[in-house]
Amino acid sequence: MALLGATGSIGTQTLDVLRAESERFELVAIAGGQRLAELCAISKEFNVRAIGVVSERDRDELRSLVGPETEIVIGGEGLAQLAASADIVVNAVVGFAGLPVTLSALGAGKRLALANKESLIAAAPLVAKVRDTPGAEILPIDSEHCAIHQCLAGSNETGHPDVALIHLTASGGPFRGMTSQQLSGVTKNDALKHPTWIMGPKITVDSSTLMNKGLEVLEASALFGIEAERVNVVVHPQSIVHSMVEYVDGAVLAQLSLPDMRLPISYCLGSPVRFDHAWGRLDFSKNLLLEFEAPDREAFGALDLAYAAARAGGAAPAWLSAANEIAVEAFLNDQLRWADIVPLVAAVMNQYVTDPLSSLEDLFENDATARRLAHGMVPR
Ligand code: NAD
Ligand code: MG
């Protein structure tokens, strides 16, 4: 197995799963964007053969920490090399930087356990091509998509004509129920307090704006070949029902569990085998209250932006994701107010020029343009 993004929230939870299932897997490669000491500790614990880092400087620093028998590779090319070197590849990198992992793992015919939704969303037409490689498959770690994957078992895979709707559940984030006026004053501290999940900073901010759910609509559409119009977002504050599939005959299948990412990670590593180890169990003898409500699409404009990007297709999702990355980064650096994140992304999307996204060069160009426009809108 290769675990790329090993030091993050998904990365460390994947290591928990590996410790619990140590007989089944051998971790051969890891990568991370910073925290070299942590990478070194992981490499020693699991005896990995190769480590990916971002820069030559990181490589030199890491070289002094690990033995000469450990290979060290650099940058996107290094990530691609590691992703082609194992049977199972976990993409736990955050943001567009995870693209080489997704494309390389699928191109090499591997199982891709995908947490990095940004790469799939931005490159959907290109991913669709490499996905046909013999042996290649995507198993979604994102909890909602992992739930949908399970609820779709038995459905006709070509376009899923028997599916009426996918109900993508959302916790609603820390600002659920607040009006646009109340939202205008929220702070970084408020945004970083997620009610049900502990995650990396980018996805935590995305959850507060509901951009995460918007991105997940695009992710579901790309993963399952179902138009965004058949993906419905429903707010479910308890995060117990991880998503639902409603069939044409009215039957609704759901997957329930405690909110713990180690379950979807285990599922993606083991499928079709289920590991005999539960990361917590639901107790139906206690009062288990499950609530559902429609999202407030006026106060949380990110959802409509995502549906519009889905309708536009081509490079529009890549623009949405790139502009959002810049806006979130600016917010985390105290350069942008929370209430300005989604309007900034909307302003970038207003300048989108239709592009069918035919090549990787085309994607990099679109990504760079969207980022440049977004940067230009961040107050100095
Ligand atoms: P995180 O910020 O905690 O971790 C990100 C990891 O990526 C770190 O190991 C970091 O070092 C690494 N990284 C960053 N840039 C890199 C680069 N250029 N090269 C190599 N490594 C790099 O993020 P996270 O919360 O673990 O999220 C990872 C991905 O999983 C995101 O796409 C997120 O949307 C998705 N996801 C996360 C959760 C969750 O519970 N955390 C749930 C669903 C989906
Ligand atoms: Mg999710």
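Indexing begins at 1, ligand by ligand and atom by atom, following the structure's order. Residue indices begin at 1 and follow the sequence shown. All heavy atoms count here, side chains included; hydrogens, waters and symmetry mates do not. Note that the coordinates shown come from a computational prediction; the quantities given were computed from them, not determined experimentally.
Across all their heavy atoms, L320 and A306 have their closest contact at CD2-CA, 3.9 Å.
For the residues G33, G5, P201, the heavy atom positioned nearest atom 11 (O) of ligand 1 is part of G33. Closest heavy-atom approach to atom 29 (C) of ligand 1 among the candidates L4, I203, V93: V93.
Checking only distances, Q34 does come within under 3.5 Å of ligand 1, N or O to N or O. For ligand 1, none of its N or O atoms has an N or O atom of I198 under 3.5 Å away. Here's the thing with T7: one of its N/O atoms is less than 3.5 angstrom from an N/O atom of ligand 1. At under 3.5 Å, not a single nitrogen or oxygen of G11, backbone or side chain, sits near a nitrogen or oxygen of ligand 1. For the pair E118 and ligand 1, the shortest N or O to N or O distance falls below 3.5 Å.
In this structure, A92 has a heavy atom closer than 4.0 Å to ligand 1.
For atom 43 (C) of ligand 1, the closest non-hydrogen atom of the protein is D142 OD1, 3.1 Å. For atom 41 (N) of ligand 1, the closest non-hydrogen atom on the protein side is S9 OG, 3.0 Å. Protein heavy atom closest to atom 4 (O) of ligand 1, with residue, atom name and distance, is G8 CA, 3.2 Å. Nearest to atom 27 (O) of ligand 1 among the protein's heavy atoms is I10 CG1, 4.3 Å.
Atom OD1 is the N/O/S atom of D142 found closest to the Mg ion (ligand 2). Checked against the Mg ion (ligand 2), the N, O or S atom of E144 at the shortest distance is OE1. Within E216, the N, O or S atom at minimum distance from the Mg ion (ligand 2) carries the name OE2.
Contacts between M261 and ligand 1, counted as non-hydrogen atom pairs separated by less than 4.0 Å, involve the side chain only.
Between the side chain of N333 and the backbone N or O of Q335, no donor-acceptor pair lies under 3.5 Å.
Salt-bridge annotation for D340 and R337: present, with a side-chain N of the basic residue lying under 4.0 Å from a carboxylate O of the acidic one.
Of all the atoms in ligand 1, the ones that sit under 4.0 Å from a non-hydrogen atom of N116 are 32 (O). Per-residue contacts place A97 under 4.0 angstrom from the following atoms of ligand 1 (heavy atoms of the residue considered): 18 (N).
The aromatic rings of H160 and F224 stand perpendicular to each other, their planes meeting at an angle above 60°, with 30° marking the opposite boundary.
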